[in-house]
Peer 1: 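Sending over a structure as structure tokens; questions will come in a sec.
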Amino acid sequence: MALSATIFKADLDIADMDRHYYASHALTLACHPSETEERMMVRLLAFALNADEELTFTRGLSAEDEPDLWRKDLTGDIELWIEVGQPDERRLRKACGRARRVIVYAFGGRTADIWWQKTGKDLARLDNLSVLSLAAESSVALEGLVQRTMRLSCTIQDGDVWLSDGESNVQVVLEALKGGG
């Protein structure tokens with residue numbers, strides 16, 4: 001019998017002073033059986049950092065031809081393709097050919113560093129690709145905010161990112177490895 005996804009609900013308030021974006025989003029996140037809660041929270045963070053009314057979660061790990069999140073224009077063309085983790089070089093080349101802009105949110109501490117050392121040079125010539133690395137402490141702290149029903153607020157100002165559940169505050173540390181995100 002196949003395992004089904006675990007459903008999480010998140011009410012996310014975003015105050016992004018850098019982009020002048022202020023909104024609340026009621027989100028439903030399906031956590032695939034092979035996905036960790038840490039990865040799911042990095043997906044939620046990626047949504048917060050790029051939020052707008054057209055950004056949506058995809059089938060993610062269940063679909064090889066879709067990213068974790070994307071934004072399409074009215075014609076169906078992909079404006080933004082967002083990957084979480086350490087996707088392979090071929091997948092990113094294909095994504096850069098399909099989307100106007102591609103962002104990778106790498107996490108995992110040392111494994112993310114090794115992934116970047118292996119693929120960074122090959123990805124350097126992809127002009128529409130940005131790669132951001134999430135500090136290991138940040139992704140582990142984000143996992144500490146997980147509940148089946150979450151009420152979170154995200155504040156972004158001068159490049160500083162904070163996520164809070166009202167009791168705990170997590171400062172998210174991102175390093176731009178390629179592009180600015």
Side-chain angles (χ1 to χ4, degrees), residues 5-32 35-60 66-74 77-85 87 95 99-109 112 128-181:
T6 304
I7 303 300
F8 292 83
K9 300 280 186 177
D11 288 326
L12 179 62
D13 295 324
I14 301 170
D16 186 340
M17 288 157 258
D18 292 352
R19 292 189 306 138
H20 304 290
Y21 180 83
Y22 309 93
S24 295
H25 296 270
L27 303 172
T28 300
L29 294 108
C31 187
H32 190 274
E35 181 178 37
T36 64
E37 290 180 347
E38 178 184 22
R39 185 181 190 285
M40 180 190 70
M41 291 302 287
V42 175
R43 283 194 299 128
L44 182 69
L45 173 69
F47 181 91
L49 293 171
N50 298 279
D52 72 20
E53 296 305 317
E54 302 304 319
L55 184 65
T56 59
F57 291 100
T58 66
R59 294 178 292 161
E66 294 181 4
D68 291 295
L69 297 111
W70 62 15
R71 182 179 64 234
K72 293 183 175 183
D73 65 17
L74 296 174
D77 288 341
I78 303 168
E79 293 179 334
L80 179 61
W81 177 293
I82 298 175
E83 293 279 349
V84 170
R100 286 189 195 107
R101 187 166 166 232
V102 177
I103 302 175
V104 175
Y105 290 93
F107 72 98
N128 58 336
L129 174 68
S130 296
V131 179
L132 298 144
S133 179
L134 184 65
E137 304 80 30
S138 296
S139 62
V140 169
L142 286 175
E143 186 177 11
L145 299 175
V146 171
Q147 296 179 24
R148 290 293 293 269
T149 302
M150 298 176 272
R151 177 100 181 118
L152 302 169
S153 61
C154 181
T155 305
I156 304 164
Q157 182 176 15
D158 298 330
D160 291 330
V161 180
W162 291 87
L163 208 62
S164 173
D165 66 0
E167 294 178 17
S168 301
N169 293 310
V170 174
Q171 181 176 16
V172 177
V173 178
L174 290 164
E175 176 188 359
L177 300 177
K178 180 182 180 336

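Predicted model only: the values in this text are computed from it and were never measured. Values below: every heavy atom of this structure, side chains too, minus hydrogens, waters and symmetry copies.
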Peer 1: CG of L142 to CE of M40: how many Å apart, nearest 0.5 Å?
Peer 2: 10.0 Å

Peer 1: Working to the nearest 0.5 Å, report the span between CG of L80 and OG1 of T56.
Peer 2: 10.0 Å

Peer 1: List the atom of L134, the atom of S138, and the distance in Å for their closest heavy-atom pair.
Peer 2: CD1-CB, 3.9 Å

Peer 1: On a heavy-atom basis, which atom in F107 and which in A112 lie closest, and how many Å separate them?
Peer 2: O-CB, 3.6 Å

Peer 1: Please name the residue in the list V131, L45, I82 that meets the side-chain contact (heavy atoms from CB on, under 4.5 Å) test with Y105.
Peer 2: I82

Peer 1: Report the relative orientation of the aromatic rings in H25 and F47; use parallel for angles under 30°, tilted for 30 to 60°, perpendicular for over 60°.
Peer 2: perpendicular

Peer 1: Is S139 reaching over with its side chain to a backbone N or O of E38, donor-acceptor style, under 3.5 angstrom?
Peer 2: no

Peer 1: Check the pair E37 / T6 against side-chain contact (heavy atoms from CB on, under 4.5 Å), numbers first and verdict last.
Peer 2: CA-CA 10 Å; E37 290 180 347; T6 304; over 6 Å; no

Peer 1: Go through the steps for Y22 and M17 under the test side-chain contact (heavy atoms from CB on, under 4.5 Å), then give the verdict.
Peer 2: CA-CA 8 Å; Y22 309 93; M17 288 157 258; 3.4 Å; yes

Peer 1: Please find the pair of heavy atoms, one from A99 and one from N128, that lie closest to each other, and give the distance.
Peer 2: O-ND2, 2.9 Å

Peer 1: In terms of side-chain geometry, is the basic nitrogen of R19 or D52 positioned less than 4.0 Å from the acidic oxygen of its partner?
Peer 2: no

Peer 1: Quick check against the 3.5 Å criterion: does N50 have a side-chain atom that pairs as donor or acceptor with the backbone of A46?
Peer 2: yes

Peer 1: Donor-acceptor check, side chain of D68 to backbone of V84, threshold 3.5 angstrom: yes or no?
Peer 2: yes

Peer 1: Rounded to the nearest 0.5 Å, how far apart are CG of L44 and CE of M150?
Peer 2: 6.0 Å

Peer 1: Determine whether V173 and E137 make a side-chain contact, defined as any pair of heavy atoms from C-beta on separated by less than 4.5 Å.
Peer 2: no

Peer 1: Supply the atom-to-atom distance K9 NZ to R148 CZ, rounded to the nearest 0.5 angstrom.
Peer 2: 10.5 Å

Peer 1: Could you tell me which non-hydrogen atom of R43 sits nearest to which non-hydrogen atom of F57, and how far apart they are?
Peer 2: NH1-CD2, 3.6 Å

Peer 1: Roughly how far apart are S24 OG and L12 CG, rounded to 0.5 Å?
Peer 2: 8.0 Å

Peer 1: Does any non-hydrogen side-chain atom of M41 lie less than 4.5 Å from one of L152?
Peer 2: yes

Peer 1: Tell me the closest heavy-atom pair linking G109 and A136, and the distance in Å.
Peer 2: CA-CB, 3.8 Å

Peer 1: Report all side-chain donor-acceptor pairs from residues 157-165 shorter than 3.5 Å, counting only partners two or more places apart or in another chain.
Peer 2:
| unit_1 | atom_1 | unit_2 | atom_2 | d |
| --- | --- | --- | --- | --- |
| S164 | OG | G166 | N | 3.0 |
| S164 | OG | S168 | O | 3.2 |
| S164 | OG | N169 | OD1 | 2.8 |
| D165 | OD1 | E167 | N | 2.9 |
| D165 | OD1 | S168 | N | 2.7 |

Peer 1: Are E54 and R71 close enough for a salt bridge, meaning some N to O gap below 4.0 Å?
Peer 2: no

Peer 1: Hey, could you give me the OH/CD distance between Y21 and E53, rounded to the nearest 0.5 Å?
Peer 2: 4.5 Å

Peer 1: Where is the tightest heavy-atom contact between I14 and A48, given as atom of each residue plus distance?
Peer 2: CD1-CA, 3.8 Å

